[in-house]
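These notes concern the structure reproduced below.
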Amino acid sequence: MPGPPAVINLTEDSDASELDADDFDDVPLETSEAPDALDDVEVDAHPYAMYYTNAAEPESVQDSGMQIVLEQEQAPNTPKKRGVQWTSQDRKNRVLVHQISVLSLLAAARMRNQWCNDIELRDTLQDMVPEHLVQKLFAIHPRREPERRERVRMFEGFVHDLVQWWASRFRLTDVSAAAWRQPSQELLCGKHLPPETWVDGWITESPAARMKRQRQVRKSKSRGAMEIAIFPPGAAAATPTYLRLLPPPDAHSLQRTVAAAKKMAGCRETSAILFCAMCRALGVPARLVVSLQPPPASIGAAKSQGTRKPALAQRSEEVTTSDEDDFEPLVRLRGSRALELERAQGAKPYYIEPVDTRTPPTVWVELFSKPYQHWITVDPVRALVRPTGNKHMEPLATNRQNKLMYVVGFEEDGYARDVTARYTRVLNSKVVQQRPEAPGRTKGHGVQEWWPSVVRALHRPQKLDRDAAEDAELQDNAAREPMPSSVGSFKNHPVYILDKFLRRDQVIHPPNRVGTFQGMPVYLRANLVHLQSARQWYNEGRTIKEGEHALKWVKTRGYTLYNKRVEEQAMTEHGQVPTEGLYAYTQTTLYTPPPVQDGKVPKNAFGNVDLYVPSMLPAGGVHIAHTAAAKVCRSLGVAYADAVVGFEFRKFRSIPRMLGVVVPSEHAASVWKAIGHAAEQEKRAELQKRQARALKGWKHLLTALTVARHIEEQYRAPQQAAPSEKKRVLNEAQAERQLRDDVPALKPMCASPLVPPPSPPPSPPREKSIVSLDELMAKEDARPSKRRIVVRRSTPEVRPARKSTRRAAANARGNIRYMDD
DNA sequence: CTGCTATATGCTTCTTTGCGAGGC
DNA sequence: CGCCTCGCTTTGAAGCATATAGCA
């Protein structure tokens, strides 16, 4: 998880994302507003160092109890080859995590950009600027210096001096712990980290330690720490790694940012944020530029990164020489008090991979030079001022902590602009391809790409002149990127494409060649056209225009048994592979079905109406989307046609999915009415049927009892035989009830409310055991006439209705009381 | 060692209108 | 007789992403 988004505030950004809500089903998410409670903490003394021990957590550490559990579906065991077997769900998760990270980072950056407008912060910073610099700035005015070229030079000189002054004054602290950089890949790649390891501002916990902490939290009734459980990728069930969030080390609130300004000390990112605020205070249009560092969207990228990283497991002094990137000694994030605590508990220091402040940053500033009418790139940490930035802000490909993927500049008014093109020379060949939904992954026409939609939400709705000029500049920058130098890199290239990478349903139209590579013509991806067969277009409610010729002929791909047979037959008869023509969208037109004429709905060859999309409804017709519609139409004598709304595929056979009928519009109302009527009647009939079944059951039972009594009367043996006889009869009765087990719960005909069955009802106290059926029936006769019949399956008592005219039924599952009417 | 290419492998997508027996 | 339900039918190929080996 990336460090910065201590607070997530998604507004427009969340609208821009095309994340399916379903994807979040498994993520129980509870958030609450997180007030800034650490504001009074000193910036200098590693404000969170004291929390780095397992000592009791101050209540202010975490305000929201948030739990994110990305669970994976249990899949059947697949034989493990080596390493982790990635499932398709893992891949989807990676993209999702990437996208959520990007949005979160944007939100975090936007919030910091807002802080730059804070009056107190601006005043604090403005007061610090030396007088001679302020004078230098004021001197740049058309009235004082009419020569524009001179003003351009003066502005650059001013910015240069300002940056020099800033870099010499601002003290860098907390650099590594607070760095905005690539999150570590170990966990995402399924590597197990030992407990008490620092991971991007989180700390790993052993299950036991977690339980213990949670017990303490419960006892003290305080809010728990924010924690997540990360499951390793792969199909096999595994134990997650538990992470607890540490307090953010950087100036994560406005108050702390102001404090950092007063101290003129903080991390690299804080330096850039404060510099931006200062420039705005001086009246110079300034952008806060952020190179977002989300985890990679593809597994391959993450894997190669993750495996090459030095083992974070070793966390002590010896790690300092583990990597060539390590220029700084081990960062010990300890205050003196924390160190004491640590010594007392025998804890080890956390290892945090260092950051080299000489490498390109992930946060910097752009200043708008009014005389030059261009944005100037400024890195206040390395004291760099450059009219163009790509050489100095692009990290090396080998840099694992900083990957240039999205660079966004936030302006004073809160709008942002995608300025990635300014800072990379490999925008199309590398950068774009790292984003999800790169050209190779999207398909078809009209597919919304994710990042462009995010950018649209960030950009100013109406372009300023300088925005338009910048767009041209950035486009020019991108256009200067050279053509790929290998066949492979043409694949999925966002600008160019070779014939050989065209898919079955793609064609270049118009086929304007823009170059040649190894003898192959090179085309622009912009001219790529997605094609579909006539049938496919028909399924979307479109037909091929008159006189259009197919742009491409391809081998048919019969899927159903029928079509396969047809293909085979064609093969044997003509000796050539059957082909079908493919057409572009522009060659099609909306399909208009023949209209309803003389009250008749025109049918197709199958005797129904194709209604795959609403536009395929014949003129003068109405779709009655009700399953009972056909029956009603038949009885009413209304001409109708079944509506086919789609297909289902089972066992290589396509089955039309029917839903309702199409009728002439003049009959629609009457058909709907009849449907309502029929439904009511059906309901009544159903009820009657159930009652008839219940009555039959009762009749059966009573007959059985009568017969039993007759038999008993005729063949009764002297006294002793009676009990066993009674038992037999009762068993019979019970079997009878079991036969009726499927009788559904009967709703009363009248409107009396159905009382839910009290469960389980106490058995009614029995006065004394019944010895014979005679006794039983005599008892029944003796009872006062009751309007309520209770049948309890659990009791071997049988209390049939005395009069056969009484309608009665019982739910064989027992204990449902039926109110007779 | 890195980057490129070819090959192997495993997963995903594409597809687009039955029939007859028997019961009610 | 008409309508409904049930059971049987069959079980691919292309395309794509990724992993891996080999080569320059």
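Throughout, protein chains are lettered first and strands after them, A, B, ... in sequence-line order, and every chain is numbered starting at 1. Please read all numbers here as calculations on a predicted model, not as lab measurements.
- Rounded to whole Å, the P atom of dT12(B) lies 27 Å from the corresponding atom of dT10(C).
- In summary, E580(A) and R535(A) do not engage in a salt bridge, as defined by a charged side-chain N under 4.0 Å from a carboxylate O.
- A side-chain hydrogen bond (donor to acceptor under 3.5 Å, both in side chains) with Q587(A) is found for exactly one of R542(A), E548(A), K545(A), H549(A), namely E548(A).
- Annotation: dC6(C) and dT16(B) have their C1' atoms spaced 24 Å apart (nearest Å).
- The nearest whole Å value for the distance from the CG atom in L531(A) to the P atom in dC14(B) is 15 Å.
- Nucleotide dT17(B) holds its C1' atom 9 Å from the CG atom of D610(A), rounded to whole Å.
- Across all strands, N608(A) comes closer than 4.0 Å to base atoms (heavy-atom distances).
- The interatomic distance linking D642(A) (CG) with dT17(B) (C1') rounds to 12 Å, in whole Å.
- The side-chain hydrogen bond (donor to acceptor under 3.5 Å, both in side chains) test with Y538(A) singles out one residue from T588(A), T543(A), D610(A), and that residue is D610(A).
- Here the C1' atom of nucleotide dT13(B) and the CZ atom of R504(A) are 12 Å apart, to the nearest Å.
- Taking the ring centroids of W537(A) and Y591(A), they lie at or beyond the 6.0 Å cut-off.
- Closest approach to the F647(A) side chain among dT17(B), dC4(B), dG12(C) is made by dT17(B) (side chain taken as heavy atoms from C-beta onward).
- Of all non-hydrogen atoms in V662(A) and G621(A), the two that sit nearest each other are CG1-CA, 4.3 Å.
- To the nearest whole angstrom, the two C1' atoms, one in dG22(C) and one in dC1(B), are 15 Å apart.
- Distance from the side chain of V487(A) is smallest to dT5(B) among dT5(B), dT16(B), dC4(B).
- Here the side chain of K555(A) is nearest to one of dA14(C), dT10(C), dC4(B), namely dA14(C).
- Separating the CD atom of Q532(A) from the P atom of dT13(B) is a distance of 16 Å, rounded to the nearest angstrom.
- A straight line from CD of Q433(A) to C1' of dG3(B) spans 15 Å, rounded to a whole angstrom.
- Residues V601(A) and P664(A) have side chains in contact (heavy-atom distance under 4.5 Å, counting atoms from C-beta outward).
- Proximity of S486(A) to the phosphate of dT5(B): a side-chain N or O atom is located under 4.0 Å from OP1 or OP2.
- If you take atom P in dC14(B) and the same atom in dC8(C), they sit 32 Å apart, rounded to whole Å.
- Rounded to an integer number of Å, the gap from F652(A) CZ to dA14(C) P is 13 Å.
- When the C1' atom of dT17(B) is taken as reference, atom NZ of K564(A) falls 17 Å away, rounded to whole Å.
- Within the 4.0 angstrom heavy-atom criterion, no nucleotide atom of any strand lies near Y562(A).
- Side-chain to base pairing of N604(A) with dT17(B): one donor and one acceptor N or O lie within less than 3.5 Å of each other.
- R557(A) comes within 4.0 angstrom of sugar-phosphate atoms only, judged by non-hydrogen atoms across all strands, and of no base.
- Residue S489(A) is the one, among S489(A) and F606(A), whose nearest nucleotide of DNA chain B lies closer to the 5' end (criterion: closest heavy atom).
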